[in-house]
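Here the structure is laid out as C-alpha cells; the discussion comes afterwards.
Lettering of chains follows the sequences in order, A, B, ..., and the numbering in each one begins at 1. Quick note: numbers below take in every heavy atom, side chains included, and nothing from hydrogens, waters or symmetry partners. Bear in mind the structure is a predicted one, so any value in this text is a computation, not a measurement.
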Amino acid sequence: MNAQTPSPKLHDCRDAFVAVLERLAAENPRIVTVVNDSVGSSKLGGFKSKWPERLVNVGIAEQAMVGVGAGLANGGLMPFVCGAACFLTGRSLEQVKADIAYSNANVKLIGISSGMAYGELGPTHHSIEDFAWTRVLPNLPVIAPCDSVETAAAVEWAAAYDGPVFLRLSRVGVPDLLPQGHRFELGKANLLRDGDAVTLIANGTLTHRMMKAADLLAAEGIEARVLNMATVRPIDAEAIVAAARDTGAILTAEEHSVYGGLGSAIAEVVVDRAPVPMKLLGVPGIFAPTGSAEFLLDEFGMSPAAVAESAKALIARKH
Amino acid sequence: MQPNDLERIARQIRLRDLQAVVAAGAGHIGGEMSAIDILTALYFRVLRLDPQAPKDPNRDRFVLSKGHVALALYITLAKRGFLPEEEIATFLQPHSRLNGHPNCNKVPGVETNTGPLGHGLPVAVGMAKAAQLTGAAYHTYVMTGDGEMQEGSNWEAIASAAQFGLSNLTLIIDHNRFQQGAALKDTNNLAPFRSKLEAFGWEVTEIDGNAMAEIVPALEHRAARPHCIVAHTNKGHGISFMQDTVDWHHKVPNAEQFQIALAELSETL
Ligand SMILES: Cc1ncc(C[n+]2csc(CCOP(=O)(O)OP(=O)(O)O)c2C)c(N)n1
Ligand SMILES: [Mg+2]
C-alpha cells in the first residue's frame with residue numbers, strides 16, 4: 001500500500017491530544033490532568049474551564065508533579081501528567097523511574113514540545129535525550145506519534161491501557177499521513193510506502209520528511225520502503241527484521257540525539273537478528289546552536305534532500 | 001554611580017529590551033521589565049567586575065537563575081562592555097550566541113547556564129561555599145523568579161546555605177507576583193517569603209525592587225548569614241498596559257502596543 005502524498009495542511013498535534021482527552025474526560029470522571037504551570041503550553045485551557053477541580057497545578061515543581069501523578073493513580077484516578085518534555089523527563093527522571101515505571105503506576109506522561117520544538121530557547125529546552133532516558137525503563141511504553149491522526153489514536157489507546165505510558169508530542173506542525181480512523185497498536189510500525197532498495201524509518205516530526213525523501217528517491221528510480229515507528233519501546237522487531245531482509249539497508253531519522261534513541265533501538269535489533277548497513281540521522285551528539293526546530297533539522301542533515309542523499313550513500317554500502 | 005544615573009541606564013536597557021523583543025518576535029518581556037532595575041544596580045554599581053577580564057577569579061559572581069530573561073542580561077552585559085552592543089540585534093537569530101537562555105561557554109560574563117528553573121541557587125551556593133573554602137573575597141548574588149521558588153531544589157539549597165553559614169551569598173527573589181500561566185497566589189502561593197526564609201535561618205530584607213534608592217543599599221548590605229532580598233516588583237514595569245496582568249509573560253507587543261510602550265519608556269528617558 002502506498003500512502004498518498006502528504007497533504008500540505010499542517011497540524012499541531014497538541015490539538016488532537018486535547019480533543020481526545022476532553023472527549024474521554026467527559027465520559028470518564030477518573031481522568032484528571034496534572035501540570036507544572038503549563039496549562040497554556042499543554043493547551044489545557046478548555047479542560048480547565050470544563051473541569052477546574054480536575055486540573056491539578058502543582059506549580060513549577062516537576063518532581064512533585066510526577067510524584068503527585070503516581071499518588072493520584074494510587075487513589076484510583078487516571079492522571080495525564082502534562083509538561084514540557086525536557087522537564088517532564090529530565091527533571092523528574094528518578095520520579096519517572098521509581099514512582100511511575102517501577103511502581104507500574106497507571107499514569108500517562110505527556111511530554112509537550114519535545115525534540116527541538118522550543119528551537120531558539122536552546123538546549124536546556126530541547127528534549128533530545130528523552131527516548132534514551134525513558135526507553136531503558138521497564139513497564140513504560142514510549143510513543144512518538146507522527147501526525148494528528150496517530151496522536152488522537154495513541155491518546156485513545158493510552159487511556160484504555162492499564163499502566164504507565166510516555167507519549168512524546170511536538171508543537172511543530174506536521175501533515176496527516178495516516179488514514180482517518182487509524183487505530184493505534186503498541187509496538188507496531190506502519191508501512192507508509194513499500195520499496196526494496198532501502199528502508200527509511202522514523203517517527204514524530206521526521207516521518208513526513210522521510211515520505212518526501214522517498215518521493216525524491218522515486219524520482220530517481222529508487223524505491224524506498226518507509227516505516228512509521230511511533231513506538232520506541234517495545235520496538236517492532238519483526239518489522240525491522242523484515243525491512244533488513246527485504247531491502248538490505250536501513251536509514252533512521254529522529255528529532256533526538258543520534259545516541260540512544262529510535263535509531264539505536266533499531267540498531268540493537270539489526271545487529272542481533274539481521275545485520276545490514278545502517279545510517280542513523282539525528283542530532284549529532286552536540287548541544288544545538290541557536291535556531292528553530294525546522295532550521296536545526298535541516299542543519300543536521302534531515303531535510304528531505306539530505307535524507308535522500310544519505311539513503312543513496314547507504315545503498316552503495318549494501319552487501 | 002548614583003541612583004539617578006542608574007535609573008537612566010535602566011530606562012535605556014528597558015527601551016532596548018522592548019525593541020529587541022519586537023524585532024525577534026520572542027522574549028519574556030514581563031519578567032525582563034521587572035528585573036532590569038536590579039540588573040542595572042548590580043552591573044553598574046555593586047558587582048566588582050572587569051569586562052576585559054570576565055574570568056578574573058576574584059570577580060563577584062552573579063547568577064541569573066530566571067534564565068528566560070536572558071535578553072535583559074545580554075543588554076546589560078553589552079552596555080557594561082562584555083559584548084558589542086550591536087550584537088543584541090542577533091538575538092535568537094540562527095547561530096547567534098544570544099540564545100533564549102544564557103550560555104556561559106559563549107557569552108562572556110555569564111557564569112553558568114540556566115533556563116530550567118530552580119538551578120541557579122544551588123549553583124550559587126556552591127560558588128559561595130568555594131569562596132568560603134578558599135578564602136576568596138568575592139560575593140555571590142543570584143536572582144530567582146517568585147514562581148521559580150516553587151522548585152524544591154531551591155529549598156534544599158536554602159537549607160544548605162544556612163547550614164554552611166554563607167554570609168557571602170545574596171539571593172534576590174524577583175517578586176512580581178506572576179508566573180507563566182497565572183498569578184502566584186492562584187497557583188502555589190509561596191508568599192510571604194520573609195517568614196519562610198527566616199525560618200531557614202536567613203536574614204531577609206524587603207524592598208521595592210523597582211526603586212533604585214532601595215535596591216542599592218539592599219544589595220550592598222552585608223549580613224552575618226545568607227541574605228535574601230525579597231524584591232517587590234511589577235511584571236512589565238515601566239509599560240502601563242503590561243502591569244499586573246498575567247498576559248505578558250512571553251507575549252510580544254503588536255505594532256500598536258509597541259508604539260505605546262515606546263512612547264512611555266522614551267518619555268522618562
Ligand atoms: C524547570 C522548569 N519548568 C518550567 C519552565 C517553564 N517556565 C519558564 S518561565 C516560567 C514561569 C516563571 O515564573 P517566575 O519564576 O515568576 O518568573 P518571572 O515572573 O520573573 O518571569 C515557566 C513555568 C522552566 N523554564 N523550567
Ligand atoms: Mg514571577
Counting heavy atoms not belonging to A:Lys43, are there more than 12 under 6.0 Å from its NZ?
-> yes
| request: May I ask you to check whether over 12 heavy atoms, not counting those of A:Lys48, lie within 6.0 Å of atom NZ? | output: no
How about A:Glu53: does its CD atom have over 12 heavy atoms from other parts shown lying under 6.0 Å from it?
-> yes
So, the part of A:Val35 with a heavy atom under 4.5 Å from chain B: the answer is neither
query = Taking everything shown except A:Glu94 itself, do over 12 heavy atoms lie less than 6.0 Å from its CD?
reply = no
Whatever's closer than 4.5 Å to a heavy atom in chain A on B:Glu148 counts as backbone
Output for pair (A:Asn57 CG, B:Thr187 OG1), nearest 0.5 Å, gives 5.5 Å
Scanning both residues in full, the closest heavy-atom pair of A:Arg91 with B:Pro116 reads NH1-CB, 4.2 Å
When rounded to the nearest 0.5 Å, the distance separating CZ of A:Phe287 from CG of B:Asn99 is 12.0 Å
Most contact-rich option vs chain A, by heavy-atom pairs under 4.5 angstrom, among B:Gln93, B:Gln180, B:His101, is B:His101
Within 6.0 angstrom of B:Gln163 CD, more than 12 heavy atoms from elsewhere: no
Quick check: do B:Pro94 and A:Glu299 have side-chain heavy atoms less than 4.5 Å from each other? no
Taking a cut-off of under 4.5 angstrom between non-hydrogen atoms, the residues of residues 118-127 of chain A near chain B are A:Glu120, A:Leu121, A:Gly122, A:Pro123, A:Thr124, A:His125
Worksheet entry | B:Phe258, CZ atom: more than 12 neighbouring heavy atoms under 6.0 Å | yes
Whatever's closer than 4.5 Å to a heavy atom in chain B on A:Ser292 counts as neither
All heavy atoms of B:Lys106 vs all of A:Pro289, minimum pair found to be NZ-CA, 4.4 Å
Given A:Gly291, A:Gly45, A:Gly59, the one with more heavy-atom pairs under 4.5 angstrom with chain B than any other is A:Gly59
Taken to the nearest 0.5 Å, the spacing of B:Gln150 CD from A:Asn36 CG works out to 9.5 Å
If one checks every heavy atom of B:Ser153 against chain A at 4.5 Å, the contacting part turns out to be side chain
| query | Does a sphere of radius 6.0 Å around NZ in A:Lys50 hold more than 12 heavy atoms from other residues, nucleotides or ligands, not counting ones at 6.0 Å or beyond? | reply | yes
